[in-house]
Amino acid sequence: MDEKLKQVEQTLAKYGQEQLLDEYNRLTDKKEKQDFLDSILTIDFNQVKILYENSKEKPSFMDSKIEPIDYTDKSKLSKEEYEKYKAIGEKKIKEGKLAVVTMAGGQGTRLGHSGPKGTYDLGLDTHKSIFEILTDTLNEARKKYEVDIPWYIMTSEENNKPTVEFFKQHNFFGYPEKCVTFFKQGKLPMLSTDGKILIDENGKIKEAADGHGGIFQSMLRDGVIYDMKARGIEWVFIGGVDNVLVKPVDAVLIGLAEDKNVLAAGKSLVKANPQEKVGVFCKRNGKPSVIEYSEITPEMAAETNENGELKYGESHILCNLFNIKAIEKISQMNLPYHIAFKKAKYIDNNGNLVVPDKPNAYKFESFLFDAFESLDDLAIMRVKREEEFAPVKNAEGVDSPETARKLYLDFHEKNK
C-alpha cells in the first residue's frame, strides 16, 4: 500500500474522520488522488478536534471585570499636543519606519460583484475601484513625505490570482510595484454538527478563511514579518479593504502611540447610539480589549459618565496600528476562535451534493482585537466618522456603496 495513503488512513482513524476516504475512493485520476491526500496531511486534526469541542460551549463573560478605557479625542487636542504628536509621527514616516497592511481576502458577493471586493467600482464618475481609492491615499502620503511606504495586501486562496492580476493590469495605479507585497490569509476546515470535516462541491476539503485575527500567523508564515524587519519597519497600520476613507498614514496616531509608550493603537468612533451593533473598546480584567455588542447588557451599553457621554462608546473600526514587536509576539500565539453557524453546500458520503436550507456547518474565526489582551495598554484615538469611516459592506442601506460614495464625495469636496 502507498505509504502516504497508509499515513492518512491512520490519522483519519485516530480522529474519527474516515469519511474523507469516501471522496478519495471516488477519484480516478492519480494526480487528483495524491493532491487530495496532500490536502488531508496539511490539516491539524488535533486543532480541529479542540475547535469542535469548544463549539459546544457557550462563551461567558460574566466573570470578566469590564471597565471603560481611556481615549484621546483627536478633534479636542490642543494645538501644542496636536503638533507634538504630528512631529513625532512625521519623523517616523519620513525615516521609512511605517508599513501599511490591507486585509483584502473577501469577495464582493454581498455587493452583487463577482470579483475580489477591492476590485469593486464604487460608482464615482471616475469609475475608480476600491483598490484605486486606497492607492490614491498612499500615493498622496508618498508624495507628501517623500518616502516609499511598503504596502502588504492580504488576499485569500480564492481571490489572490485575480487581485494580483488586477493590480498588474492597472500598473499598480501608479504606486511602485516593488513596494507592494501580496500574502494569503489562512484557512480552517468547516465541520458538520457532528464534528466531521466537510467536502465542498468541487471534491476538495471545505475550508473557510480563519478571520482577521489570523493575519498575524499569516504574516509570520508568508515571511511578511521578516520582510518588514529587513526594511527597518517599526510601525504597521492594519486596516480592512472596505473603508474608502481610511487614513493608514496618520502621523498623529503614530505620535500618540510613541508618546504613550505603547505597542499598539486603535482608532475609534463614538457610537451613534447605545444600541448600535458595534464592538467597543474597553478594559477586560485590566487589559485592553474589545467587547462585542452581544456581550454587554443593555444597561451597560446605555451607561454614561460625568460628562454625559457613553461609558462604552468607543467603536472599534478595524483601523489599528501595531509596533513590529507586538506583531512578532502575537504571531507566536493562538488567538481564541469564535464560532459561526453557517449554511454550507457539501458532498455527502454517497457523492451527492447537499444544498441546505438552514445552517448546518461550523466556521471558525479569530478576531484581530482579541490580540489586544496580550498587551499591557493601548492608545485609542477617537476620530470623526465623516473624515475617516466610509465602509462598503452591504448592497444597500447602511454601509452600502451609496452611503460610502456620499461620505467620500462630501469629504473630498470639503477638502479641495
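Keep in mind it's a predicted model, so treat the numbers as computed, not measured.
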- Query: Does a donor on one side chain sit under 3.5 Å from an acceptor on the other, for Ser156 and Asn159?
  - Reply: yes
- Message: I'd like to know if Glu80 and Lys84 make a salt bridge, using a cut-off of under 4.0 Å between side-chain N and carboxylate O.
- Response: no
- Message: Does either side chain, that of Gln217 or that of Ser331, offer a donor lying less than 3.5 Å from an acceptor on the other one?
- Response: no
- Message: Using side-chain heavy atoms (C-beta onward) and a distance below 4.5 Å, is Thr137 in contact with Val249?
- Response: no
- Note on the structure: d(Leu407 CG, Glu387 CD) to nearest 0.5 Å is 11.0 Å
- Query: Salt bridge check: are Glu67 and Lys311 linked by an N-O gap of less than 4.0 Å?
  - Reply: no
- Query: Got a salt bridge between Arg382 and Glu309, using NZ or NE/NH1/NH2 to carboxylate O under 4.0 Å?
  - Reply: yes
- Query: Below 4.0 angstrom, N of the basic side chain to O of the carboxylate: do Asp242 and Lys117 qualify?
  - Reply: yes
- Task: Just say parallel, tilted or perpendicular for the rings of Phe182 and Phe172, cut-offs at 30° and 60°.
- Result: tilted
- Less than 4.0 Å between a side-chain N and a carboxylate O, is that true for Arg26 and Glu23? yes
- Message: Can you confirm whether Phe36 sits close enough to Asp38 that some side-chain heavy atom of one is under 4.5 Å from a side-chain heavy atom of the other?
- Response: no
- Query: On the ring face of Phe411, is Lys247 found with NZ or CZ under 6.0 Å from the centre and within 45° of the axis?
  - Reply: yes
- Item | Test log, rule side-chain contact (heavy atoms from CB on, under 4.5 Å), inputs Glu413 and Asp410 | CA-CA 5 Å; Glu413 182 62 36; Asp410 287 352; 5.7 Å; no
- Output for pair (Phe166 CZ, His170 NE2), nearest 0.5 Å, gives 4.5 Å
- Message: Would you say that Phe322 contacts Phe216 through its side chain, given a criterion of any heavy-atom pair below 4.5 Å between the two side chains?
- Response: yes
- Message: Please verify the inter-ring angle class for His316 with Phe369; under 30° counts as parallel, over 60° as perpendicular, anything in between as tilted.
- Response: perpendicular
- Are Asp370 and His338 linked by a side-chain donor-acceptor pair shorter than 3.5 Å? yes
- Query: Between His212 and Phe367, how do the two ring planes meet: parallel, tilted or perpendicular, split at 30° and 60°?
  - Reply: tilted
- Query: Quick one: do Lys144 and Glu140 make a salt bridge, cutoff under 4.0 Å?
  - Reply: no
- Carboxylate-amine/guanidinium contact Lys204 Asp35, below 4.0 Å: no
- Message: Can you tell me if Glu146 has over 12 outside heavy atoms packed within less than 6.0 Å of its CD?
- Response: no
- Result for side-chain contact (heavy atoms from CB on, under 4.5 Å) between Tyr152 and one of Thr181, Ile238, Val236, Ile215 points to Thr181
- Item | Check: Gln19/Gln17 side-chain N/O donor and acceptor closer than 3.5 Å | yes
- Give a yes or no on whether a salt bridge exists between Asp377 and Lys287, defined as a side-chain N under 4.0 angstrom from a carboxylate O. no
